[in-house]
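All values below were derived from every heavy atom in this structure, side-chain atoms included, with hydrogens, water molecules and symmetry-related copies excluded. This one's a predicted model, so the numbers in the text were calculated from it and none came from an experiment.
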Amino acid sequence: MMLSRREGVDIRPTLLRVLTDLYVQANAHSVDEERQFVELTSRLIDQVDDATRAAVRGRLAIYPGTPAEVLRKLGLKPSGPDQRVPAAGEISAALSAAPAKAPTEAQLRMASNLSMQPKDATEINEMFVRAGASERALILHNLHDTQLRASTRIPAARAARAIETLEMAAFAADIENFALELGESLILPSRVAAQVVNDPGGEPLACAAKALDMPSAVFQRVLLFLNPEFGCSVNTVYRLSRLYDRLSERSALIMLDAWRGSTMAVTRAKYQPTLYDDERHRARSAPAQTRPAAQQPDADIAARTGSQGSGR
């Protein structure tokens with residue numbers, strides 16, 4: 001409202017960002033809320049600048065409850081919130097019937113033209129942590145079609161050494177060294193690497209392994225030996241193995257970039273001053289040091305003469 005009272009200020013980009021932020025904060029919406037969101041955003045999408053449209057596109061692309069009309073308006077592939085993960089048999093039948101042509105590396109680079117800001121990375125990471133197993137699979141599936149820039153690949157020689165070390169640590173059930181090696185190979189802080197390894201769902205571990213291009217058989221052995229809770233559950237091992245086979249390298253590298261970006265956001269918030277002119281206020285509040293007044297030579301002589309006279 002304050003912006004609207006000023007002449008020459010376009011509030012439509014800010015309004016679209018605020019509407020999008022409010023919409024993705026809730027896990028579900030009523031029919032009226034969805035209708036109002038579609039009506040408002042459909043008009044604003046064509047009236048904002050490219051940077052705002054790209055930011056909104058990246059945020060709504062990974063949100064499971066984005067209306068199909070808004071997705072089509074943004075040029076994204078519609079997918080309902082109740083989209084289920086197909087079974088392994090259905091995937092094999094679909095691939096044998098109509099094999100899809102995999103995009104080339106040049107096409108993936110052309111599609112990856114939007115760098116992820118630390119704030120957006122934090123929101124993606126938090127949304128992924130709060131989501132359930134089916135929602136996480138849907139988020140990873142949608143990340144492949146977003147315009148977000150994926151992290152660069154880990155060099156093949158370095159990834160091969162890391163995979164060998166990780167497999168040995170998994171055989172020994174050494175979770176601490178496994179997390180340390182994973183953090184060093186993916187350039188992640190130890191705190192983030194520990195969260196990835198100890199996540200109860202296992203999807204972050206699958207993303208980290210896919211970012212290293214770990215073979216599927218090696219990843220299954222890691223699941224069986226690293227964490228007893230995973231290894232003792234046949235359903236968990238089968239679910240994560242199926243997710244890993246369907247997970248694209250691009251989605252895993254985008255999640256890797258989100259982990260790194262969220263770390264940058266935490267670091268900036270930690271060292272950001274409370275006030276924009278905090279240093280200036282601190283300088284003003286410092287007490288001024290008083291310098292003793294210089295005594296005149298005559299006064300010094302008089303003082304000494306007077307003290308001697310009083311002594312007499």
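Residues V70 and L76 are not in side-chain contact: their nearest non-hydrogen atoms beyond the backbone lie 4.5 Å or more apart. The shortest side-chain heavy-atom distance between T52 and D49 falls under the 4.5 Å cut-off. Contact annotation: the side chain of W259 never approaches that of P189 to less than 4.5 Å [non-hydrogen atoms, C-beta and beyond]. Counting only heavy atoms from C-beta outward, the side chains of R239 and E203 approach each other to under 4.5 Å. Under the 4.5 Å side-chain criterion, counting only non-hydrogen atoms from C-beta, L212 is in contact with S185. No side-chain heavy atom of H141 sits under 4.5 Å from any side-chain heavy atom of I139. Using a 4.5 Å heavy-atom cutoff, the side chains of T152 and L253 are not in contact. Put simply, the side chain of M214 reaches to within 4.5 Å of the side chain of V222, judged on heavy atoms.
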Dump the intermediate steps for side chain to side chain contact (heavy atoms under 4.5 Å, CB included) on Y238 and N235, then the final yes or no.
CA-CA 5 Å; Y238 177 76; N235 293 331; 5.8 Å; no
Would L256 and L188 count as a side chain to side chain contact (heavy atoms under 4.5 Å, CB included) here? Give the steps.
CA-CA 9 Å; L256 176 60; L188 290 173; 4.0 Å; yes
Checking D32 against R35 for the side chain to side chain contact (heavy atoms under 4.5 Å, CB included) test, could you report, in this order, the C-alpha distance in whole Å, the side-chain angles of both residues, the deciding distance, and whether it holds?
CA-CA 5 Å; D32 292 336; R35 177 181 54 81; 3.8 Å; yes
Between L143 and R250, is a side chain to side chain contact (heavy atoms under 4.5 Å, CB included) present by the stated rule, with each step listed?
CA-CA 8 Å; L143 279 179; R250 171 172 165 76; over 6 Å; no
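Here the CG-NZ distance, from L243 to K210, works out to 9.0 Å after rounding to the nearest 0.5 Å. Put simply, OG1 on T20 and CG on L60 are 5.0 Å apart, with the number rounded to the nearest 0.5 Å. The CD1 atom of I154 sits 11.0 Å away from atom CG of D213, with the distance rounded to the nearest 0.5 Å. Rounding to the nearest 0.5 angstrom, the gap separating the OG atom in S251 from the CD1 atom in I62 is 11.0 Å. In this structure, CG on L223 lies 9.0 Å from OG1 on T236, to the nearest 0.5 angstrom. For the atom pair CD1 of I45 and CG of L74, the computed distance is 4.0 Å after rounding to the nearest 0.5 Å.
Judged by distance alone, the side chain of S262 and the main-chain N or O of A258 form a donor-acceptor pair under 3.5 Å. Remark: side-chain polar atoms of S233 are not paired, donor with acceptor, to backbone N or O of F230 under 3.5 angstrom. Judged by distance alone, the side chain of Q25 and the main-chain N or O of L22 form no donor-acceptor pair under 3.5 Å. Listed for the N198 side chain is a donor-acceptor partner under 3.5 Å among the backbone atoms of A194. Of the possible donor and acceptor atoms, one in the side chain of R136 sits under 3.5 Å from a partner among the backbone N and O of V129. With hydrogens and angles ignored, the 3.5 Å screen pairs no side-chain donor or acceptor of S248 with any backbone N or O of H144. The backbone N or O of V48 lies less than 3.5 Å from no partner atom in the side chain of R12, so there is not a single donor-acceptor pair. Between the side chain of R260 and the backbone N or O of L186 there is at least one donor-acceptor pair closer than 3.5 Å. Side-chain atoms of E135 come within 3.5 Å of backbone atoms of G132 as a donor-acceptor pair (strictly under, hydrogens ignored).
For F178, there are no ring pair (Phe, Tyr, Trp, His ring centres under 6.0 Å) partners, not counting sequence neighbours. Under the salt bridge (Lys or Arg N to Asp or Glu O under 4.0 Å) criterion, R59 pairs with D21, D120, E123, sequence neighbours left out. Here F37 pairs with Y23 under the ring pair (Phe, Tyr, Trp, His ring centres under 6.0 Å) rule; sequence neighbours left out.
Salt-bridge formation is not detected for the pair E39/R43: no Lys NZ or Arg NE/NH1/NH2 atom is positioned less than 4.0 Å from an Asp or Glu carboxylate oxygen. Using a 4.0 Å cut-off between charged nitrogen and carboxylate oxygen, D46 and K73 count as a salt-bridge pair. By the 4.0 Å N-to-carboxylate-O rule, R153 lies close enough to E249 to be salt-bridged with it.
Here ring-ring contact (aromatic ring centres under 6.0 Å, His included) pairs that include residues 181-200, with residues two or more places apart or in two chains, number zero. Listed by first and then second residue, the ring-ring contact (aromatic ring centres under 6.0 Å, His included) pairs involving residues 182-226 are F171-F225, F219-Y244 (not counting sequence neighbours).
Nearest heavy-atom pair, A252 versus A211, reported as atom, atom and distance to 0.1 Å: CB-N, 3.9 Å. The two residues Q220 and S241 come nearest to each other via the heavy atoms CG-OG, 3.4 Å. Across every non-hydrogen atom of N142 and A61, the tightest pair is CB-O, 3.1 Å.
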Counting only pairs under 3.5 Å, give me each side-chain donor-acceptor contact of residues 155-170, with atom names and distances, residues two or more places apart or in other chains.
residue, atom, partner, partner atom, Å
R158, NH2, E184, O, 2.6
T165, OG1, R161, O, 3.0
E167, OE2, R221, NE, 2.8
E167, OE2, R221, NH2, 2.9

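N125 and T122 share no side-chain donor-acceptor pair at under 3.5 Å.
No continuous path of hydrophobic side-chain contacts links L205 to L180 [ILVMFWY only; heavy atoms under 4.5 Å].
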